[in-house]
Amino acid sequence: MSEFAPICIYLVISPLVSLISLGLPFLFASNSSTYPEKLSAYECGSDPSGDARSRFDIRFYLVSILFIIPDLEVTFFFPWAVSPNKIDPFGSWSMMAFLLILTIGSLYEWKRGASDRE
């Protein structure tokens, strides 16, 4: 049992630290009902107009996905770029296949006009 003692201590202390850090602000927070401005919706300093749950155009989601894809690419490129002399030929050809797929996908997006604005 002594080899599991650090794990048990961690499993007891980590929820306590989490609960304390979540509960501590409630002890020092002021009553927000005295400031009605804080309860109103914030829209860049102007009065709110319309419903906050309106439908978005699908192009907004497409643009967000187009910005996420390069972040994922960098995640895959990092090990390949850091240690190129330790990668065997299979790893190099796998990365080349990955680059080919990304290039074809980027050309397809460009041809379809995914990044064009109307």
Side-chain angles (χ1 to χ4, degrees):
M1 185 66 182
S2 65
E3 62 267 3
F4 295 116
I7 296 173
C8 293
I9 293 171
Y10 176 76
L11 290 175
V12 169
I13 292 177
S14 61
L16 288 175
V17 169
S18 299
L19 291 174
I20 289 171
S21 64
L22 286 173
L24 199 60
F26 290 106
L27 295 174
F28 298 108
S30 64
N31 190 0
S32 63
S33 63
T34 58
Y35 303 110
E37 298 89 23
K38 288 188 175 183
L39 298 176
S40 66
Y42 177 72
E43 284 192 24
C44 300
S46 62
D47 293 330
S49 60
D51 187 20
R53 301 207 183 332
S54 62
R55 298 177 72 89
F56 283 104
D57 191 7
I58 193 69
R59 288 177 292 178
F60 291 115
Y61 298 112
L62 181 63
V63 169
S64 67
I65 289 172
L66 290 177
F67 277 105
I68 290 173
I69 289 173
D71 294 337
L72 296 174
E73 292 172 13
V74 169
T75 305
F76 288 120
F77 289 151
F78 185 74
W80 189 57
V82 169
S83 59
N85 56 350
K86 295 182 181 177
I87 296 177
D88 60 347
F90 177 74
S92 296
W93 285 110
S94 298
M95 186 54 73
M96 292 302 156
F98 179 67
L99 287 171
L100 179 68
I101 291 169
L102 287 178
T103 304
I104 291 171
S106 297
L107 291 174
Y108 177 75
E109 289 173 358
W110 181 45
K111 184 169 174 54
R112 294 282 300 205
S115 61
D116 292 343
R117 305 236 176 170
E118 291 181 8

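Here, residue 1 is the first one in the sequence, and each next residue gets the next number. Note that the structure is predicted; figures quoted are calculated from it, not measured.
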Could you list the donor-acceptor pairs under 3.5 angstrom formed by side chains in residues 8-27, with sequence neighbours left out?
unit_1 : atom_1 : unit_2 : atom_2 : d
Ser14  : OG     : Tyr10  : O      : 2.9
Ser18  : OG     : Ser14  : O      : 3.0
Ser21  : OG     : Val17  : O      : 3.1
Ser21  : OG     : Ser18  : O      : 2.9

May I have the list of side-chain donor-acceptor pairs in residues 63-87 shorter than 3.5 Å, sequence neighbours left out?
unit_1 : atom_1 : unit_2 : atom_2 : d
Ser64  : OG     : Tyr61  : O      : 2.7
Thr75  : OG1    : Asp71  : O      : 3.1
Ser83  : OG     : Pro79  : O      : 3.3

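Between Phe98 and Met95, some side-chain heavy-atom pair lies under the 4.5 Å cut-off.
In this structure, CD1 on Ile104 lies 14.0 Å from NZ on Lys111, to the nearest 0.5 angstrom.
Side-chain contacts under 4.5 Å among hydrophobic residues (ILVMFWY), followed directly or transitively, place Ile101 with no other residue at all.
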